[in-house]
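Scope of the values below: all heavy atoms of this structure, side chains included, with no hydrogens, waters or symmetry mates.
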Amino acid sequence: MSVEQNKALLRRGLLDMWSTGDLSILEELIAPDYVMHDVAGDFRGIEAYKQFLNLYRGALQDLRFTIDDQVGEGDLLATRWTSSGTHQGELMGIPPTGKLIAGMGIVFSHIVNGKAVEEWGYWDAFGLLQQLGAAPARGRTDFSWGEPSKVTGDPGDPESNKAIVTRYVEEAWNQQRLDVLDEIMHADVVTHEPITGQTLPGREGRKQAIRIYVVAFPDLHSSPNHLIAEGDKVALHWTATATHQGELMGTPPTGKKVKWSGVAIFRIADGQIVETWWSWDTLGLLQQIGAIPAAGQGGSNPEA
């Protein structure tokens, strides 16, 4: 299967199945031994997938998806999406509110012989709880990806772009060398991410965000699970481990060992990162440090 065929498979799943509730095509899309690692919990097989879809479409009966971007290489694919739906049934233990709920996320897929065999689903579960009034909004009002960057330039080549992203993770995050961002990140970089706290825009905002997390987690280490590139985009599926030794979002240090994962998509121009999209298990991390009580549907999914 080509990358374009894999993209069409995921589009069919989100637009023709999830957005309509038509499960008749499910067996055409996923393998019998399919595995999903989702922020709401892992599940396996076709019947479990049906239950998962029906749960969310039962709560959000007019649920609709839009595909914003796809990055593929070989048998791996990252699909960034936006959703909307009206909360008309119980969801995550919350009775219906009638509110129109916005969603966004990235699913990372492994596709073999025209069917998905394993996927990692990262979506803004914390934002959903905030919109339903079940988690503190912390001043957040925007539950979309936000406005795109207008910075353009030479898109580079996939291998060089992967090297830039690898440096970003290893040097800026793992080695905490923020000066490297002056070289590999544009001053006006635009970051799209579920908001867990207010930071400055641009490169200085990225430095500030990294400082917030390394103060809370001085031994933070991020490892790549998958790294793929297409055109001017790089998609990174990562897992982070750390010890909670400093305050994060008002939560004092607990000394707990934590583990969380996510997907980030980077756009490169003229050899620098100019735009990023992040989707990670924010809710799971906050639950692990006790900032948000653990709930039946919430939880961290560090599987890789």
Handout entry: Check: Glu193 and Thr282 side chains under 4.5 Å, non-hydrogen atoms
Key = no
Practice task
Could you tell me whether the side chain of Thr82 reaches within less than 4.5 Å of the side chain of Trp145, counting heavy atoms only?
Solution key: yes
Exercise for the section: Could you tell me whether the side chains of Lys259 and Thr241 share a donor-acceptor contact shorter than 3.5 Å? Expected result: no
Problem - Distance (rounded to the nearest 0.5 Å) between Ile25 CD1 and Asp16 CG - result: 5.0 Å
Problem - Connected via hydrophobic side-chain network under 4.5 Å: Ile228 and Tyr168 - result: yes
Handout entry: Side-chain donor-acceptor pair present, Glu118, His37, cut-off under 3.5 Å
Key = yes
Handout entry: Thr254 side chain to Lys256 backbone, donor-acceptor under 3.5 Å
Key = yes
Problem - Heavy-atom donor-acceptor pair, Arg140 side chain to Asp142 backbone, under 3.5 Å - result: yes
Exercise for the section: For residues Tyr122 and Phe108, establish whether the separation of their ring centroids is below 6.0 Å. Expected result: no
Practice task
Supply the atom-to-atom distance Asp154 CG to Asp232 CG, rounded to the nearest 0.5 angstrom.
Solution key: 10.0 Å
Handout entry: NZ/NE/NH1/NH2 to OD/OE distance under 4.0 Å, Arg203 and Asp182
Key = yes
Exercise for the section: Would you give the length of the straight line joining atom NZ of Lys7 to atom CD1 of Ile111, rounded to the nearest 0.5 angstrom? Expected result: 11.0 Å
Problem - Co-membership, hydrophobic cluster, residues Phe143 and Leu132, 4.5 Å side-chain - result: no
Problem - Side chains of Met185 and Gln272 in contact at under 4.5 Å (non-hydrogen atoms) - result: no
Handout entry: Leu26 side, atom CG; Glu47 side, atom CD - distance, nearest 0.5 Å
Key = 8.5 Å
Practice task
Taking the six-membered ring for Trp and the single ring otherwise, decide whether the centroids of Trp120 and His226 are under 6.0 Å apart.
Solution key: yes
Practice task
Spell out, as yes or no, whether a donor-acceptor pair under 3.5 Å connects the side chain of Thr239 to the backbone of Ser223.
Solution key: no
Exercise for the section: Specify whether Trp238 and Trp260 have parallel, tilted or perpendicular ring planes, treating 30° as the upper limit for parallel and 60° as the lower limit for perpendicular. Expected result: perpendicular
Practice task
Determine whether the side chains of His192 and Glu275 contain a donor N or O and an acceptor N or O closer than 3.5 Å.
Solution key: yes
Handout entry: Within-4.5 Å side-chain heavy-atom neighbours: Leu9 and Gln5
Key = no
Problem - Lys/Arg N to Asp/Glu carboxylate O, Lys115 vs Glu27, below 4.0 Å - result: no
Exercise for the section: State whether the number of non-hydrogen atoms from other residues, nucleotides or ligands found under 6.0 Å of Arg177 atom CZ is greater than 12. Expected result: yes
Practice task
Might you point out which heavy atoms bring Ala40 and Phe52 nearest each other, and give the distance in Å?
Solution key: CB-CE1, 4.4 Å
Exercise for the section: Report the relative orientation of the aromatic rings in Trp278 and Phe266; use parallel for angles under 30°, tilted for 30 to 60°, perpendicular for over 60°. Expected result: perpendicular
Problem - Worked verdict on Leu10 versus Leu77 for side chain to side chain contact (heavy atoms under 4.5 Å, CB included) - result: CA-CA 9 Å; Leu10 265 291; Leu77 177 67; 3.7 Å; yes
Practice task
Mind telling me whether Trp280 and Tyr213 have parallel, tilted or perpendicular rings, with 30° and 60° as the class edges?
Solution key: perpendicular
Problem - From CD1 (Ile268) to CG (Asn161), nearest 0.5 Å - result: 5.0 Å
Problem - Pair Arg167 + Glu183, salt bridge at N-O below 4.0 Å - result: yes
Practice task
State whether Lys207 and Asp179 are salt-bridged, where the test is any N-O pair (Lys NZ or Arg NE/NH1/NH2 against Asp/Glu carboxylate O) under 4.0 Å.
Solution key: no
Exercise for the section: Decide, yes or no, whether a salt bridge links Lys162 with Glu159 under the criterion of side-chain N to carboxylate O below 4.0 Å. Expected result: yes
Exercise for the section: Anything under 30° is parallel, anything over 60° is perpendicular, the rest tilted; go ahead and classify Trp18 against Tyr56. Expected result: tilted
Problem - N/O donor-acceptor pair under 3.5 Å between Asp42 side chain and Val35 backbone - result: no
Problem - Cluster link Ile30 to Phe43, ILVMFWY, side chain under 4.5 Å - result: yes
Problem - Donor-acceptor under 3.5 Å (Asp62 side chain, Gly85 main chain) - result: no
Exercise for the section: Hey, could you give me the OG1/CG distance between Thr79 and Asp69, rounded to the nearest 0.5 Å? Expected result: 8.5 Å
Handout entry: Full working for side chain to side chain contact (heavy atoms under 4.5 Å, CB included) between Ile289 and Leu248
Key = CA-CA 9 Å; Ile289 65 172; Leu248 181 67; 3.9 Å; yes
Handout entry: Heavy-atom donor-acceptor pair, Thr191 side chain to Thr276 backbone, under 3.5 Å
Key = no
Exercise for the section: In sequence, state the C-alpha distance, the side-chain angles, and the governing distance for Leu181 and Ile210, and then conclude on side chain to side chain contact (heavy atoms under 4.5 Å, CB included). Expected result: CA-CA 11 Å; Leu181 298 187; Ile210 293 173; 4.1 Å; yes
Problem - Shared hydrophobic cluster for Ile265 and Trp173 (ILVMFWY, side-chain gaps under 4.5 Å) - result: yes
Problem - Backbone N/O of Gly127 and side chain of Gln131: donor-acceptor pair under 3.5 Å - result: yes
Practice task
Would you check if Val3 and Glu73 make a side-chain contact, meaning some heavy-atom pair closer than 4.5 Å?
Solution key: no
Exercise for the section: Check whether any side-chain heavy atom of Ser149 sits under 4.5 Å from a side-chain heavy atom of Arg267, and report yes or no. Expected result: yes
Exercise for the section: Kindly say whether Gly255 contributes a backbone atom to a donor-acceptor pair with the side chain of His244 at under 3.5 angstrom? Expected result: no
Exercise for the section: Find out if a path of hydrophobic residues (ILVMFWY) with successive side-chain heavy-atom gaps under 4.5 Å connects Ile184 to Val274. Expected result: no
Fill in the blank from the handout: Tightest non-hydrogen contact, residues Ala78 and Ile106, listed as CB-CG2, 4.3 Å
Handout entry: Main-chain N/O of Pro252 paired with Glu247 side-chain donor or acceptor, under 3.5 Å
Key = no
Problem - Donor-acceptor pair, side chain of Arg57 and main chain of Leu63, under 3.5 angstrom - result: yes
Practice task
Evaluate the side chain to side chain contact (heavy atoms under 4.5 Å, CB included) criterion for residues Gln61 and Thr86: first the C-alpha distance (whole Å), next the side-chain angles of each, then the deciding distance (0.1 Å), finally the verdict.
Solution key: CA-CA 7 Å; Gln61 296 170 17; Thr86 308; over 6 Å; no
Handout entry: Heavy-atom check, side chain of Leu236 versus side chain of Val169, under 4.5 Å
Key = yes
Exercise for the section: State, with a plain yes or no, whether a side-chain heavy atom of Gln70 is found less than 4.5 Å away from one of Trp81. Expected result: no
